[in-house]
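Note that the structure is a prediction, hence the values are computed from the model and not measured.
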Amino acid sequence: MAFFTDDFSAFFKELAKNNNRDWFQDNKKRYETSVKKPFEAFVTEMLGRISAADPSVQITAKDAILRINRDIRFSKDKTPYNLHRTAILSAGGRKNKEIPGLFLRLSPEMIAVMAGAYVVGKESLQRIREAITFDRNSLSNIIDNKTFIEKFNSIRGEQNKRIPKEFQAAAAENPLVANKQFYLMAELSPDWITKDDLADHLMTYYHAARPLNDFLQNAMES
């Protein structure tokens with residue numbers, strides 16, 4: 001089934017030209033009908049499918065969906081609304097962004113699909129580096145997988161210029177050891193937003209990312 005109509009993207013295109021509270025309030029009912037409620041239904045469907053594969057994911061759409069209001073406290077850009085809808089589908093949802101999962105952002109420009117670990121704390125980073133160093137074959141098998149490469153190509157993330165001495169030799173052989181983020185990203189055509197098989201298609205990305213998500217989560221918990 002299709003969750004969205006063409007008005008999902010049309011709403012955000014118009015919002016981009018009228019990003020102010022008055023316009024948004026005048027179009028509040030349209031937002032509820034074309035954006036908010038369909039997105040909640042879509043996220044609920046995705047969470048149901050993901051929890052069937054991973055019972056640790058027991059959150060609701062409310063726990064996963066980020067606000068449309070922008071945090072403008074420290075930004076030069078004072079426009080009040082985001083021009084997309086975003087959800088974090090993981091065991092922690094939006095309240096714990098360190099837990100690996102599936103990050104989805106729908107906008108008129110694209111569907112962004114992210115997975116892995118984008119926000120990594122100091123202790124978790126130490127454990128991930130240990131896992132990469134001492135279990136090299138497991139990670140290699142994940143990132144060399146044909147489906148993984150087709151969906152995401154490679155692991156992304158910023159690297160530390162300086163890393164602890166115990167990891168320097170390993171980093172020389174495997175640059176991923178120097179990463180401070182371990183995330184995946186794919187960009188899909190916005191045409192997918194209104195397709196009947198949107199959820200089916202996105203689940204192929206979930207399953208392609210699952211081995212890396214599990215590797216990272218197991219490392220963090222070790």
Side-chain angles (χ1 to χ4, degrees), residues 1-51 57 59-73 75-90 93-95 97 100-116 118-119 147 150-153 156 183-209 213:
M1 62 170 286
F3 292 90
F4 305 98
T5 67
D6 290 336
D7 198 43
F8 178 90
S9 292
F11 176 87
F12 283 111
K13 288 178 181 179
E14 293 178 36
L15 177 60
K17 299 176 182 178
N18 303 277
N19 200 332
N20 59 77
R21 189 176 184 278
D22 288 342
W23 187 91
F24 192 87
Q25 290 301 314
D26 288 343
N27 289 270
K28 188 70 175 290
K29 186 176 180 179
R30 179 185 172 196
Y31 166 71
E32 295 278 346
T33 301
S34 296
V35 178
K36 184 178 180 181
K37 291 180 179 178
F39 192 69
E40 288 175 351
F42 163 69
V43 171
T44 298
E45 172 68 18
M46 290 295 297
L47 286 171
R49 296 184 182 211
I50 290 172
S51 65
V57 179
I59 63 172
T60 66
K62 182 179 180 180
D63 301 318
I65 297 173
L66 277 65
R67 300 175 64 209
I68 192 170
N69 300 77
R70 296 181 61 250
D71 184 353
I72 60 175
R73 291 173 298 171
S75 175
K76 293 182 180 180
D77 179 2
K78 298 301 181 182
T79 51
Y81 304 107
N82 287 308
L83 302 177
H84 49 72
R85 293 306 280 135
T86 302
I88 300 175
L89 313 181
S90 70
R94 60 185 173 84
K95 294 182 180 179
K97 298 177 182 178
L102 196 68
F103 174 102
L104 299 176
R105 174 169 291 172
L106 277 61
S107 74
E109 291 73 36
M110 66 175 172
I111 298 176
V113 183
M114 295 178 67
Y118 187 82
V119 178
T147 302
E150 287 176 350
K151 296 295 186 184
F152 296 107
N153 189 35
R156 305 189 187 194
Y183 70 91
L184 311 174
M185 185 170 179
E187 297 180 1
L188 282 62
S189 166
D191 293 342
W192 275 102
I193 293 174
T194 55
K195 290 187 177 182
D196 291 346
D197 56 345
L198 172 62
D200 292 334
H201 189 57
L202 291 176
M203 284 302 294
T204 66
Y205 286 83
Y206 167 80
H207 289 298
N213 283 343

Checking D196 now: which residues fulfil side chain to side chain donor-acceptor pair (under 3.5 Å) with it, not counting sequence neighbours?
none

Under the salt bridge (Lys or Arg N to Asp or Glu O under 4.0 Å) rule, what pairs show up with a residue in residues 19-28, not counting sequence neighbours?
none

Report the distance from atom CG of D77 to atom CD1 of I72, rounding to the nearest 0.5 Å.
8.5 Å

Among all residues two or more places apart in sequence or in another chain, which pass the side-chain contact (heavy atoms from CB on, under 4.5 Å) test with T86?
L66, H84, F103, R105

For the CG atom of L83 and the CG atom of N19, what is their distance to the nearest 0.5 Å?
5.5 Å

For K195, look at atom NZ and say whether over 12 heavy atoms of other residues, nucleotides or ligands are found less than 6.0 Å away.
yes

Sorted by chain and residue number, the salt bridge (Lys or Arg N to Asp or Glu O under 4.0 Å) partners of D7 (sequence neighbours excluded) come out as R30

Not counting sequence neighbours, which residues clear side-chain contact (heavy atoms from CB on, under 4.5 Å) with A41? List them please.
F3

Got a sec, which residues hit salt bridge (Lys or Arg N to Asp or Glu O under 4.0 Å) with D6, two or more places apart in sequence or on another chain?
none

When rounded to the nearest 0.5 angstrom, what distance separates NZ in K29 from NZ in K36?
15.0 Å

Do the rings of F42 and F39 sit parallel, tilted or perpendicular, given the 30° and 60° boundaries?
tilted

Whether D71 and R73 form a salt bridge (side-chain N of Lys/Arg under 4.0 Å from carboxylate O of Asp/Glu) is what I want to check.
yes

Over all atoms of both residues, closest heavy-atom pair of S34 and F4:
O-CD2, 4.4 Å

Measure up the F11 and F24 rings against each other and bin them: parallel (under 30°), tilted (30 to 60°), perpendicular (over 60°).
perpendicular

